Structure formats: structure tokens, C-alpha cells
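Keep in mind that this is a model prediction, so the values were computed, not measured. Computed over heavy atoms, backbone and side chain alike; hydrogens, waters and symmetry mates excluded.
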Amino acid sequence: MKRLYALPILLLLIYLAGCAVKQPGATAGKGGVTALVNPFIGTGGHGHTYPGATVPFGMVQLSPDNGTQGWDWCSGYHYSDSLIAGFSHTHLSGTGIGDYCDISVMPYYASAVGRKERQKFSHQQETATAGLYRVKLDNQIEVALTATERAGLHQYTFPRDSVKAVSLDLGFSINWDRPSQTRITQVNDTLITGLRKSTGWANQQWVYFAAAFSQPVQKAVLYQEGSAVAGKEVSGTRTRAAFWFAPGEKPLLLKVALSSASEAGALQNLQQELPSWDFNAVAQAANTKWERELQKITATFLQPGQDTIFYSALYHTNLAPTLFSDLKGQYKGGKDQVRTANFNRYTVFSLWDTFRAAHPLYTITQPQRVPDMVRSLLAGFQEMGLLPVWELAANETNTMTGYHAVPVLADALLKGHVPQENQETLYQAMLASAAQNIRSTDVYRTYGFIPADKGGQSVTKTLEYAYDDWCIAQVAQKLGKAKDYQAFSQRAAAYQNLFDPQTLFMRGKNADGSWKTPFDPFYSEHGEEGMYIEGTAWQHSWFVPHDVQGLVNLFGSEARFVQHLDSTFKVSSKMTGANVSPDISGLIGQYAHGNEPSHHIAYLYNYAGKPWKTQEKVREILQKMYFNHPDGLSGNEDCGQMSAWYVFSALGFYPVNPADGKYVLGSPLVKEARIQVGQGKTFQITTENNSLEHKYVQQVFLNRQPLRRTYITHQEVMQGGQLKFVMGPSPNKTWGASPAAYPPSMSPKK
């Protein structure tokens with residue numbers, strides 16, 4: 001997603017050299033699938049993940065920050081770094097813009113606390129697993145971190161007889177984020193409360209906190225804008241505090257709970273979620289929560305190590321969206337108003353990324369959370385007047401294109417996750433997004449596409465609005481709104497206006513109907529001026545997931561369509577332009593797995609009678625783009641989407657159209673898998689003759705009956721049953737070749 005900074009070349013070289021040493025793995029867990037999780041995957045390269053402690057979809061992400069500014073430190077941490085500035089309580093997983101890293105805490109020796117120096121550490125002294133992070137700093141202070149839903153628990157072990165000290169820094173920030181209002185109050189000798197309000201990617205972010213020490217504070221010094229002040233309370237733009245504790249062998253523990261609504265909410269979270277000082281018990285409880293989530297899919301794989309990649313991916317899909325309401329049900333919503341919800345309010349909706357596969361995955365693995373995610377999106381609509389585009393801490397960031405809350409809501413409604421009494425409200429929210437007059441939507445409605453001379457990123461926006469409008473049409477049909485169904489189905493065909501039959505690309509067209517020139521399908525412009533966002537014509541021209549058959553028809557024949565698909569994977573990966581988007585990564589030809597617009601492309605062969613080509617490409621991507629390594633992702637993790645692609649594809653299917661309830665078949669990487677689909681039911685995936693060489697599907701059976709089509713339905717998955725793949729070393733070019741086998745599409749086959 002959006003890039004702000006580049007990784008310095010020298011630092012990159014240092015990092016790559018360091019990758020040759022022993023990699024940290026999931027060695028901290030004790031049995032179960034959590035022992036397979038490696039949170040360090042994606043902390044290197046451009047993955048932008050964090051290694052710290054959290055629980056599934058938790059409000060608190062307690063993790064180390066290097067204190068370095070830059071694009072590859074969007075999560076606060078990058079594996080190439082060797083210094084830690086502190087341990088903060090909120091982090092973003094895999095985003096392309098940096099924010100959060102609130103309420104930073106760092107243990108020091110008393111003699112060093114005033115200097116605020118970053119501390120050296122070695123990856124050899126660092127471990128992480130699901131819900132637990134440990135590091136021994138070079139100064140010999142040992143740090144262990146774990147978390148509950150709304151609170152974090154620190155354990156600091158100092159060398160014997162040393163005078164312990166802890167710094168609390170509310171002025172710490174990364175990238176765009178800047179504190180605008182902070183306050184620290186020492187309530188008594190063990191309890192600290194306060195507030196950090198900041199402006200950044202989230203325009204107004206409020207974080208109230210309550211922190212309790214396991215040992216009494218012997219001395220405290222509060223700082224305002226770098227100068228010590230007298231008293232028990234300090235406020236200002238940048239405040240911090242230093243606390244001293246008596247020497248002793250017992251570790252010093254610190255509990256920190258958060259609320260976006262109030263200190264009272266933070267205090268209640270602290271008291272109810274962390275009543276004990278038993279660090280091991282809290283860490284075990286976090287591990288148990290992760291074990292429960294990850295056990296929803298049990299699988300065996302073709303090669304050693306693929307289980308770690310799979311379960312680390314499944315882990316990463318459970319990090320966002322994050323819980324936002326406190327135990328009172330309160331949160332600071334849109335327009336800086338405290339709201340009270342009778343559901344779990346979530347935030348961090350990276351919708352341009354996650355609508356593609358992460359949210360469809362949640363309808364299988366998180367059916368109990370999907371209704372609250374829907375309510376959270378609708379709360380955003382009620383608070384801000386429009387459905388969220390990229391929502392962060394109840395702020396609309398307006399990052400990226402499309403109005404992709406629509407497919408998430410449509411998918412949830414069509415799969416039965418929206419009560420009937422809420423469906424009309426949901427539909428009206430969709431209509432509001434489609435009728436807005438910002439983000440070039442007014443121009444889109446006027447011309448039936450966005451003219452290149454009327455706005456930037458015109459091709460991407462047109463294609464994505466057309467897809468979102470198709471989703472609205474499906475909901476209209478479900479609700480019996482025939483006129484709206486016809487109108488939005490017509491809008492969903494807007495992609496046809498930008499297809500050039502001469503070049504076979506979707507390209508910019510001016511308001512007078514002429515093509516924008518010059519045209520180069522290898523050209524990339526990262527800013528607003530280009531026709532495509534974070535991509536080239538090669539990648540974006542395939543985004544017609546609702547009407548692939550209609551796209552095939554534009555090519556004139558399936559053979560021509562397939563030939564152009566083949567070219568996408570075979571042409572040069574070199575791009576032209578002075579400002580090539582660095583998000584275009586993970587390249588196979590011009591297929592760019594490191595960014596989301598490419599994620600469905602390999603599966604399109606199924607719509608043209610060549611599913612064996614899908615099987616070939618999917619296996620190649622699975623093998624080349626994911627590794628058990630800090631640099632194990634080909635691009636930004638983007639709040640679970642990069643990992644959701646792996647989870648689905650390793651199981652053998654993928655939601656090409658994220659809102660039609662169909663999963664297109666590929667080539668499974670599992671030997672066997674079981675998905676718990678609720679109500680005691682299991683959907684089992686088995687394979688016969690599956691191996692690295694046997695990547696081609698020979699036959700498929702659903703519930704022991706031959707499956708003639710190249711897709712399965714969500715309903716078939718959730719009913720439970722068995723999907724069996726019979727694999728072989730060479731393509732079976734007859735299976736799935738009949739038009740009757742193709743996945744459904746809006747346009748009729750020709």
C-alpha cells in the first residue's frame with residue numbers, strides 16, 4: 001500500500017547480511033499449533049509487521065519500537081535495526097503508512113534514565129510466539145511482554161542489586177504521528193494514569209491509559225517539553241516521566257490498559273482484565289486464545305516448514321481489525337464524541353486490501369465476529385456520514401481508492417451475517433457511498449467512467465467503483481429492489497468503457513472519448529497523477545472480478561484472453577517512469593504479488609477453460625513469495641490480506657469475486673486439512689498423489705461425488721463435508737475445460 005519513505009541502501013545491505021545468521025522462530029510456544037507461529041515473518045523487507053505480544057483482534061499490541069523513522073518502520077520495528085527505543089502498546093500490522101506506537105515504556109538503570117538512549121539488542125537474545133515476546137537487551141535487562149484484549153503486561157528482570165528505573169514517554173512518535181496533547185498523573189506510589197492525543201494518519205487519536213507497577217515508586221520525575229517539573233501531574237505537547245524503584249531480585253512488573261474514551265474506562269480495563277500479577281498465567285491465557293483460534297484449521301503440508309508459513313499467515317490474519325471499545329462499551333468515535341456501543345466496536349479497516357480475501361476468510365473462521373465488524377462499519381457511517389474507506393481509530397484517512405466497505409458488507413449480508421432488521425440501514429449506507437460527490441465519484445456517474453483529464457488514478461477508480469456497484473446490485477436484488485438492481489448492474493459494466501481492443505488493456509480515456517496518450521503498459525506513477533494506483537496497466541486491467549466472462553468477451557475469444565494472461569506472467573518485470581511505485585513487488589513478469597491488485601489474477605484461467613494454468617501459477621506463487629524468514633513476504637502484509645491469500649491458496653481455493661460466495665479452485669499445498677465451520681461441523685480437504693511435482697488437478701470430488709466445476713460455494717463449505725483433490729504430474733486439460741465448469745459471471749458466455 002501507500003509508501004512514504006525508502007529503506008537506505010546501506011541499511012538494506014547490512015540487513016541482508018544479517019539474514020544469513022540464525023533466524024528466530026516459533027520456539028517459545030509449548031506444543032500445539034502456536035509453537036509453529038513465527039511473528040518475525042514480515043518484520044524484514046517491506047512486510048511491515050511487528051513481533052510483539054497481542055491476542056486475536058486485540059486492542060493492545062505490545063511490541064518493541066526501534067525509534068527509527070522511515071517507510072519500513074511503519075509498524076515501529078524493522079528486523080534490520082539493532083536498537084530499541086521503547087515498548088509501546090499500539091501497532092499497525094503491515095500497513096504502508098506509519099502511525100500508532102502509543103504509550104512508550106522503557107526500562108533503564110537509574111543512572112541512565114535521564115539520557116533516553118536507545119538500547120542495543122541482538123536477535124540472538126530475542127524470541128517471539130503468539131502472545132509472548134522476550135528480549136534481553138545488551139545492558140542485561142530482560143524484557144518479557146504479554147497481553148490481554150485491552151491491556152499489556154510487562155516483566156522487567158534487572159541484574160541483582162541494580163537500581164531499577166522505567167521511563168514513560170508520551171512524546172515518542174513515528175513517521176506522520178505527532179502528539180498534540182499529553183498528560184501524566186501519578187495517582188499514588190504504584191498507579192499512573194494519563195492521556196496521549198495525537199495527529200497523524202489518524203487526524204485525531206485519543207489514548208487514555210492506566211498503568212500500575214508491582215513495586216512502589218521510590219522517586220518520580222515528570223518532564224514537560226524536556227524540562228523537569230514539580231508535582232504529581234504534568235501536561236503539554238510532549239511529556240514523559242521517570243520512575244525509580246528499590247533494588248531487589250524480584251522482577252518489576254507493569255500493567256498498562258487503554259481506552260480511547262476515558263481514564264475511567266482504562267482503569268476498568270486494567271482492574272478487570274489484569275487482576276493478577278502472575279505473568280506466566282497471563283502469557284498462558286494469551287497462548288490459549290491463540291491456540292483456540294489457530295486450531296480452527298488443522299493441516300498437514302507437502303514440505304517441512306510449510307506449516308510454520310501457514311500458521312504464521314493464519315496468525316497474521318487475526319491481528320486486524322482491532323478492538324476499539326472498552327469494557328464500558330465506550331470509544332471516542334467520529335467528531336471526537338464518546339460513543340457507547342452494545343457490541344464490540346472494531347477499528348483499523350484496511351479495506352482496499354482486506355476486502356479481497358481477509359474478510360471473506362473471516363466469514364469462515366470468524367462468524368461470531370463478523371456481525372460486530374459489520375456494526376463497526378455501520379457505526380462509521382453513522383458517525384461520519386459515509387462508510388469508511390480506510391478507518392483508523394474512528395478517523396477516515398481516505399487512503400486508497402474505491403468504496404470497499406461495500407463488498408465487505410454485501411458479502412456479510414448475502415452470507416447471512418446481517419439481521420433482517422439491519423439490512424435496510426446497511427443498504428442505505430451503501431447508496432450513500434455510491435452517491436457521494438468526492439473521490440471523483442460525481443465524475444464517474446456523469447461519464448460512466450472517470451476521464452483521465454478529469455482526475456488522477458482514473459482507470460483504477462473506474463474499475464473499482466464498477467465492482468463496488470455490482471455488489472450494491474446484488475444486495476438490491478436480495479432486498480427486492482428491482483429498479484436499483486438494474487441501475488447498479490448497468491454501472492457495474494463501466495469497466496467496458498476503458499477497454500482498448502487494440503492494446504488489450506484498460507487505459508485512460510479523456511472526457512471527449514479519445515484515448516489518453518502516450519500509453520505505455522509498463523509505465524508506473526506512484527503519485528496521484530497516474531492512471532493506476534500503485535501499479536501498471538498489466539496489473540490493473542484484470543480487475544473485473546464480478547464479470548470475468550464479460551472481460552473475456554471484450555478480448556474476442558478465450559484464446560486471446562489466455563494469451564494475454566500468459567503474457568502478464570512472462571513479459572519483462574522492468575517498468576518505466578521517473579516515479580515507479582515501490583509497492584510493485586513480488587514480480588513474476590508483470591504479475592506483482594507484493595500488492596493486492598494482482599491477487600486474483602492467477603485464478604482467472606479457470607474462467608477460460610484453462611484451470612491447469614491456474615494450478616501452475618498458484619503453486620509458483622506459493623513457493624516463491626512466502627518464506628519462514630523476516631523477509632518472508634513479497635510486500636506489505638496489509639492487515640492480513642497478504643497472509644489471507646496464502647491461507648486460502650494453500651487450502652486449494654480463493655475468492656476471486658469476494659462477494660459472490662464462490663471459491664475458485666487452485667492447487668492445494670496441503671496433504672490434508674480440516675476447517676471447523678461451526679455447529680460441530682467440519683469441512684475436510686484431502687489430496688491424493690499430492691507433491692511438489694504433482695501440482696496439477698486430475699479430478700475433484702465433493703462429498704465423494706465428482707465435481708465437474710472449477711469452484712465451490714461458501715454454503716458448501718459451511719455445511720461441512722469433504723473436498724478431495726486427485727493430483728498428477730501433468731495437466732488434465734479436460735477437467736474444467738467445459739464452459740459449464742466455469743465460475744459464474746455477470747455476462748453470458750459467448
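Once rounded to the nearest 0.5 Å, the distance linking NZ of Lys289 with CG of Asn287 reads 11.5 Å.
Between Phe87 and Leu254 the shortest side-chain heavy-atom distance does not fall below 4.5 Å. Tyr223 places none of its side-chain heavy atoms less than 4.5 Å from the side chain of Val234. Side-chain contact between Tyr331 and Tyr346 is absent, with no heavy atoms from C-beta onward closer than 4.5 Å. You'll find the side chain of Thr399 stays beyond 4.5 Å of the side chain of Trp352, heavy atoms only. The shortest side-chain heavy-atom distance between Thr49 and His316 falls under the 4.5 Å cut-off. Using a 4.5 Å heavy-atom threshold, the side chains of Trp206 and Asp336 count as touching. Val217 places none of its side-chain heavy atoms less than 4.5 Å from the side chain of Val166.
The salt bridge (Lys or Arg N to Asp or Glu O under 4.0 Å) test applied to Lys197 returns no partner, not counting sequence neighbours. Residues satisfying the side-chain hydrogen bond (donor to acceptor under 3.5 Å, both in side chains) test with Asp102, not counting sequence neighbours, are Thr90, Arg196, Gln205. In terms of the ring pair (Phe, Tyr, Trp, His ring centres under 6.0 Å) criterion, Phe158 has no residue partners (sequence neighbours excluded). Listed by chain and residue number, Tyr626 satisfy the ring pair (Phe, Tyr, Trp, His ring centres under 6.0 Å) test with Tyr646 (two or more places apart in sequence, or in another chain). For Thr322, the side-chain contact (heavy atoms from CB on, under 4.5 Å) partners two or more places apart in sequence, or in a different chain, are Gln61, Thr347, Val348. The side-chain hydrogen bond (donor to acceptor under 3.5 Å, both in side chains) test applied to Gln218 returns no partner, not counting sequence neighbours. Evaluation of the side-chain contact (heavy atoms from CB on, under 4.5 Å) rule for Ala147 yields Val60 as partners, not counting sequence neighbours. Take Gln268 and apply the side-chain contact (heavy atoms from CB on, under 4.5 Å) test, not counting sequence neighbours, and it matches Gln272, Leu327, Lys328. For Glu637, the side-chain hydrogen bond (donor to acceptor under 3.5 Å, both in side chains) criterion is met by Ser643, not counting sequence neighbours. Scanning for side-chain hydrogen bond (donor to acceptor under 3.5 Å, both in side chains) contacts around Tyr133 gives Glu126, with sequence neighbours left out. Evaluation of the salt bridge (Lys or Arg N to Asp or Glu O under 4.0 Å) rule for Arg238 yields no partner, not counting sequence neighbours.
When atom types are taken as modelled, the side chain of Thr298 and the backbone of Gln295 share no donor-acceptor pair closer than 3.5 angstrom. Listed for the Asn636 side chain is no donor-acceptor partner under 3.5 Å among the backbone atoms of Asp638.
Each salt bridge (Lys or Arg N to Asp or Glu O under 4.0 Å) pair with one or both residues in residues 260-269, not counting sequence neighbours, appears once here: Arg183-Glu263.
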